[in-house]
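Remarks on the structure that follows.
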Amino acid sequence: MAEQREMKEKNPWHRPVIICITVFIAMGVITLVAMAVVQNKPLHQKYKYGIVLDAGSSHTSVYIYEWPAEKENNTGMVRQTHACNVKGKGISSYAWNISYAGMSLRECMEEAKEKIPVWRHPETPVYLGATAGMRLLRMFNAAVSDQVLSSVERFLQTYPFLYQGARIISGQEEGAYGWITVNYLNGNFRKALTTMGALDLGGASTQITFVSKQEVESEENSMLFRLYGNDYHVYTHSFLCYGKDQALKLALAKQLQTGESQLRDPCFHPGYIEQKSLASSPCVPETRPHDSERTFTHTGTGNASLCQEVVKRIFNFTHCPWGRCSFNGVFQPPVEGQFGAFSAFYFVMNFLNLTSDSLEQSKLKMDHYCSTPWAEIKQRYPSVKQKYLAEYCFSGTYILTLLENGYNFTSENWKDIQFIKKIGDSDAGWTLGYMLNLTNMIPAEAPDEPPLPHGGYVAIMVLFSLFIFILFLLAYKLFGRPVCNANKQII
Ligand SMILES: Nc1ncnc2c1ncn2[C@@H]1O[C@H](COP(=O)(O)OP(=O)(O)O)[C@@H](O)[C@H]1O
Ligand SMILES: [Ca+2]
């Protein structure tokens with residue numbers, strides 16, 4: 001017994017003080033590793049900002065984007081933090097009131113000044129891109145469209161941001177940047193996944209953009225992007241005058257061709273009656289000389305199938321100089337894959353509750369909706385803007401016809417169209433893609449990334465430290481006592 005006690009006292013592992021020291025060392029290792037790892041993380045995320053103004057035909061929106069400063073070239077980092085709708089109409093409507101075009105942006109730009117930290121103002125880029133409304137104005141009167149752009153330019157330059165220009169973007173760019181936006185936000189580039197097509201419906205133009213496995217026969221519809229180490233052969237087309245406001249003008253002009261002053265229109269609700277005039281525009285050229293403002297009485301008859309017949313007449317389906325066409329002699333390969341349909345595609349289909357219906361169900365619902373009396377519609381939706389409300393029957397029918405007869409979607413692939421407004425926090429639209437491109441934020445080649453994300457690295461380090469600590473304990477249990485026993489045998 002006395003020998004045993006002596007042995008225990010000689011073995012240092014049996015001393016409580018040594019056990020305590022071991023435990024403290026192990027805990028110290030764990031704390032040190034954890035602290036070193038946490039300390040390595042950037043102190044706090046510093047954000048950078050960018051502003052893009054979408055000067056559309058119907059109105060202007062100001063978008064603010066932010067991204068972590070040290071992750072500028074990592075794709076998937078940019079997100080929309082704020083959107084502001086400019087009051088009033090689009091900048092092209094200031095053609096005869098030019099000095100106010102810039103001033104109209106004041107409220108939203110003041111908001112941007114408040115939202116972005118002051119110390120970031122001088123390095124925050126501001127871009128203004130104008131779309132189909134300004135394209136039409138330029139066709140109508142190039143000098144006036146230049147003056148409108150100068151007015152907004154002068155105004156934007158009064159702000160402390162880094163002004164990067166105001167220009168009319170091409171239809172091709174509008175389509176391509178919309179496609180970049182939806183695929184960037186869905187993380188498709190980073191993961192080298194198959195991409196999603198983009199369908200954008202505005203007031204004055206509409207865009208279709210998707211990756212096609214088939215050859216794109218016409219050069220003007222073909223674009224090549226190298227993003228994140230992958231090549232994308234993209235088909236894109238923008239139809240000027242086929243946004244929903246200009247398409248309505250085309251449909252009215254077609255029906256007014258007979259020269260009557262009374263128009264009985266199946267695309268408007270029964271009981272709808274308004275005095276209107278149809279001003280000539282580059283989309284609706286004057287059919288008769290000296291007849292620039294045709295006034296007429298517009299009455300609704302509310303019949304969706306007849307409305308579809310009217311809408312079909314604004315497309316030319318017979319002329320096609322290529323292997324295959326969408327309409328108006330424009331080449332289009334067959335649609336393939338998933339599509340995101342945004343902007344007015346979403347507003348209209350969402351209002352009509354058609355975002356998750358089949359093509360057939362949508363047509364049936366449109367029959368019912370269009371034949372509902374105007375008085376009942378107004379009563380049912382008292383808070384909806386009357387201009388939109390009056391036009392949803394036309395707009396819904398136009399969308400179904402454009403997608404089915406124009407782009408050749410079928411009952412089978414209708415489910416591949418997702419009507420979307422936002423992806424995460426960011427609106428689907430061309431603006432984000434535009435900024436990503438101009439700031440070179442999507443690299444052509446994939447940058448090298450650390451093998452582990454930061455969280456995984458911390459977890460592994462802590463687990464390893466724990467593992468070492470447990471090994472210490474085990475070693476004590478296994479080797480502490482056997483040493484005594486061995487000594488006993490020798491004795
Ligand atoms: N809540 C809504 N309901 C229906 N249509 C809407 C709604 N909000 C916006 N719109 C329509 O969306 C379209 C937006 O087009 P816009 O971007 O201004 O033109 P473009 O892209 O052709 O230059 C317009 O036709 C506008 O009337
Ligand atoms: Ca638009």
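Numbering of ligands and ligand atoms starts at 1, following listing order.
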What orientation do [X] and [Y] show, parallel under 30°, tilted 30 to 60°, or perpendicular over 60°?
X: Tyr242; Y: Phe239; value: perpendicular
X: Phe394; Y: Tyr398; value: parallel
X: Tyr49; Y: Tyr47; value: tilted

At a 4.0 Å threshold, what atoms of ligand 1 neighbour a non-hydrogen atom of [X]?
X: Ser205; result: 22 (O)
X: His59; result: 18 (O)
X: Lys244; result: 5 (N), 11 (C), 25 (O), 27 (O)
X: Ala132; result: 22 (O), 23 (O)
X: Thr131; result: 20 (P), 21 (O), 23 (O)
X: Gly56; result: 18 (O), 23 (O)
X: Ala204; result: 22 (O)
X: Glu174; result: 21 (O)

Nitrogen or oxygen atoms of Ser57 and ligand 1 under 3.5 Å apart: yes

Sub-3.5 Å N/O-N/O distance, Gly203 and ligand 1: yes

Can you tell me if [atom1] on [X] sees more than 12 non-hydrogen neighbours from other groups inside 6.0 Å?
X: Lys89; atom1: NZ; value: no
X: Phe140; atom1: CZ; value: no
X: Glu107; atom1: CD; value: no

Under-4.0 Å heavy-atom contact with ligand 1, by part of Tyr392 that carries it: side chain

Under-4.0 Å heavy-atom contact with ligand 1, by part of Lys385 that carries it: neither

Salt bridge (charged side-chain N to carboxylate O under 4.0 Å, His left out) assessment of Lys312 paired with Glu309: CA-CA 5 Å; Lys312 276 185 190 164; Glu309 294 310 310; 3.8 Å; yes

Shortest non-hydrogen contact from Pro266 toward Thr301: CA-OG1, 3.0 Å

Under 2.5 Å between SG of Cys325 and Cys320: yes

Salt-bridge criterion met for Arg120 and Glu66 (N-O under 4.0 Å): no

salt_bridge(Lys115, Glu111) N-O dist < 4.0 Å: no

Identity and separation of the nearest protein heavy atom to [atom]:
atom: atom 25 (O) of ligand 1; result: Asp245 OD2, 3.0 Å
atom: atom 12 (O) of ligand 1; result: Ala344 CB, 3.5 Å
atom: atom 14 (C) of ligand 1; result: Ser58 OG, 3.7 Å

4.0 Å heavy-atom contact, Gly243 with ligand 1: no

Non-hydrogen atom of Gly90 closer than 4.0 Å to ligand 1: no

Closest to atom 1 (N) of ligand 1 among Phe345, Tyr388, Tyr242, Tyr346 (heavy-atom distance): Tyr388

